[in-house]
Amino acid sequence: MKYLLFLLIPLFTFAGGDNIKVIKPWFRLVSEGMTTGLFFTVENKGDKPDTLYNISSNISDELEIHETYSKGNDQMGMRQVDFIVIPAKSTFEFKPRSFHVMVFEVKKDMPEGSEGEFTLYFKQAGKIKITAISKEV
Amino acid sequence: MKNVLSALIILSFTFTSCIQDFPIDKNLSNVNTKLIDQNGNEKHFNKVIAGKTTVIAFIYTNCPDICPMTTHNMQLVDKKLLKENITFINFLVVSFDPERDTPEVLNKFATIRDIDLKRWGFYTGDKTSIEELMDEFEVKAFPSDTSYSSEGKLRYSMIHTDRISLIDSDGRLRKYYSGSKLKLDEIYNDIKNLED
């Protein structure tokens with residue numbers, strides 16, 4: 001019986017990955033060599049917060065988390081953010097005019113309907129791979 | 001006497017309503033800023049806007065958020081007007097990042113969005129000229145967050161005014177709108193009012 005319980009431990013360890021879901025991913029259409037934005041929603045169904053700290057992709061070698069912010073007087077700016085904490089039992093949106101992932105110098109033209117593969121790195125959930133489609137909104 | 005008074009009251013309401021619809025009335029017909037379009041052709045601003053209602057925005061193409069939203073909103077306006085066969089409208093997009101936004105870059109920016117360059121123009125130019133043109137529209141832009149790529153290439157984002165502007169066919173600036181949060185019906189109705 002003890003050995004059976006020992007074998008079940010890895011199942012509970014990896015179950016943390018099920019707490020984080022990344023849904024509705026999309027990125028803006030973009031031409032080769034230019035910068036675009038990746039947007040998605042993170043659902044944390046777990047009892048503990050998790051932290052998104054890195055992103056990689058097959059369409060770019062350099063990605064950063066950024067925030068669009070209002071500076072007042074109709075002025076808008078952006079700033080880099082090192083990580084995002086997704087609180088327990090919550091949903092966090094990466095959306096236009098807010099947090100997003102800057103995708104620098106894309107490797108090829110990505111017109112509407114193109115696919116990009118992205119890997120999101122979470123401290124608890126580990127790597128989560130997503131496929132995003134390019135569109136414009 | 002009562003009739004005269006009624007007429008005066010009606011006139012004053014109409015006048016006030018027009019001012020509220022179009023709160024700005026600034027003559028741009030003498031602004032001859034030299035611009036370079038997406039094909040590398042030299043154009044003068046006042047010649048580009050002459051005789052047509054113009055929707056204009058200032059952007060930079062390395063922007064991942066506000067500027068593509070602004071351009072997309074202008075496309076939505078264009079599509080709405082085309083449905084009613086209103087084609088005689090200019091759409092101008094001017095870059096305030098001329099160092100990076102060359103004609104070739106602007107051409108690609110337009111092409112990947114399937115933008116019809118018969119009604120649209122994407123412009124760059126020398127920095128001083130662009131800044132003078134921006135001043136006419138009270139648009140500000142300056143570099144902010146700066147970094148270097150792994151290959152040592154300078155990267156910067158820009159803080160800038162989020163705005164679309166409307167110019168009538170007499171070359172008069174009439175109204176500002178939010179670029180990224182554009183109210184489509186508002187600008188559509190304003191364009192129709194100007195065209196009538």
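Numbers restart at 1 for each chain; the letters A, B, ... are given by sequence-line order, proteins then strands.
The contact between B:M69 and chain A is made by backbone and side chain atoms together, counting heavy-atom distances below 4.5 Å. With a 4.5 angstrom heavy-atom cutoff, A:V103 does not touch chain B via any of its atoms. At a 4.5 Å heavy-atom cutoff, A:F27 makes no contact with chain B through either its backbone or its side chain. Interface remark: A:S70 contributes no atoms to any contact with chain B (heavy atom separation under 4.5 Å). For B:V139, no part lies near chain A; criterion is any non-hydrogen pair under 4.5 Å. Within the 4.5 angstrom heavy-atom criterion, only side-chain atoms of B:S144, from C-beta onward, approach chain A. Using a 4.5 Å cut-off between heavy atoms, B:F142 contacts chain A through its side chain alone, with no backbone atom that close. Of the two parts of B:R100, neither the backbone nor the side chain holds a non-hydrogen atom closer than 4.5 Å to a non-hydrogen atom of chain A.
Heavy-atom neighbours of chain B within the stretch residues 53-64 of chain A, taken at a separation under 4.5 angstrom, comprise A:E62, A:E64. Inspection of non-hydrogen atoms places no residue of residues 128-136 of chain B under 4.5 Å from chain A. Contacts with chain B (heavy atom to heavy atom, under 4.5 Å) involve these residues of residues 74-86 of chain A, listed by number: A:D74, A:Q75, A:M76, A:G77, A:M78, A:R79, A:Q80.
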Handout entry: Steps toward salt bridge (Lys or Arg N to Asp or Glu O under 4.0 Å) verdict (B:D116, B:K118)
Key = CA-CA 5 Å; B:D116 185 349; B:K118 289 195 215 69; 3.6 Å; yes

Handout entry: Test log, rule ring pair (Phe, Tyr, Trp, His ring centres under 6.0 Å), inputs A:F99 and A:F92
Key = CA-CA 9 Å; A:F99 292 94; A:F92 192 98; 5.4 Å; yes

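Applying the salt bridge (charged side-chain N to carboxylate O under 4.0 Å, His left out) rule to A:E136 yields the partners A:R28, B:R113; only residues at least two apart in sequence or on another chain are considered.
Contact count versus chain B (heavy atoms, under 4.5 Å) is highest, among A:T36, A:N73, A:V137, A:D109, for A:V137. In terms of heavy-atom pairs under 4.5 Å with chain B, the best-connected choice from A:L38, A:T68, A:V101 is A:T68. Residue with the most contacts toward chain A among B:Q75, B:K140, B:H160, B:K181: B:H160 (heavy-atom pairs, distance under 4.5 Å). For the set A:E105, A:H66, A:R97, A:E32, the count of heavy-atom pairs under 4.5 angstrom toward chain B peaks at A:R97. For the set B:S150, B:A141, B:G179, the count of heavy-atom pairs under 4.5 angstrom toward chain A peaks at B:S150. When each of B:V105, B:T111, B:N62, B:D114 is scored by its heavy-atom pairs under 4.5 Å with chain A, the top score falls to B:N62.
To the nearest 0.5 angstrom, B:S178 atom OG is 9.0 Å from B:K183 atom NZ. Note that CG of B:L182 is 11.0 Å distant from NE2 of B:H72, once rounded to the nearest 0.5 Å.
Using modelled atom types, one side-chain atom of B:K175 and one backbone atom of B:D21 make a donor-acceptor pair closer than 3.5 Å. Side-chain N or O atoms of B:N189 include one that pairs as donor or acceptor with a backbone N or O of B:D185 at under 3.5 Å. B:D97 places no side-chain N or O within donor-acceptor distance of the main-chain N or O of B:D101, the cut-off being under 3.5 Å. In this structure, the side chain of A:E43 does not engage the main chain of A:K21 through any donor-acceptor pair within 3.5 Å. Between the side chain of B:K34 and the backbone N or O of B:H44, no donor-acceptor pair lies under 3.5 Å. Under the 3.5 Å distance criterion, the side-chain polar atoms of B:Y60 are matched with a main-chain donor or acceptor of B:M158. B:D162 places no side-chain N or O within 3.5 Å of a backbone atom of B:I66 that could act as its donor or acceptor partner. Not one N or O on the side chain of B:D65 forms a donor-acceptor pair closer than 3.5 Å with the backbone of A:P96. For the pair B:D168 (side chain) and B:L194 (backbone), a donor-acceptor distance under 3.5 Å is absent. The closest donor-acceptor contact from the side chain of B:R172 to the backbone of B:K26 lies at 3.5 Å or more, if one exists at all.
Contact check for B:L154 versus B:Y148: side-chain heavy atoms found under the 4.5 Å cut-off.
Within 6.0 Å of NZ on A:K107 lie more than 12 heavy atoms contributed by other residues, nucleotides or ligands. For B:N27, the CG atom is densely surrounded, since the number of other residues' heavy atoms within 6.0 Å is greater than 12. Atom NZ of A:K95 is surrounded by 12 or fewer heavy atoms from other residues, nucleotides or ligands within 6.0 Å.
Using a 30° and 60° split on the angle between ring planes, A:F39 and A:W26 fall in the parallel class, below 30°.
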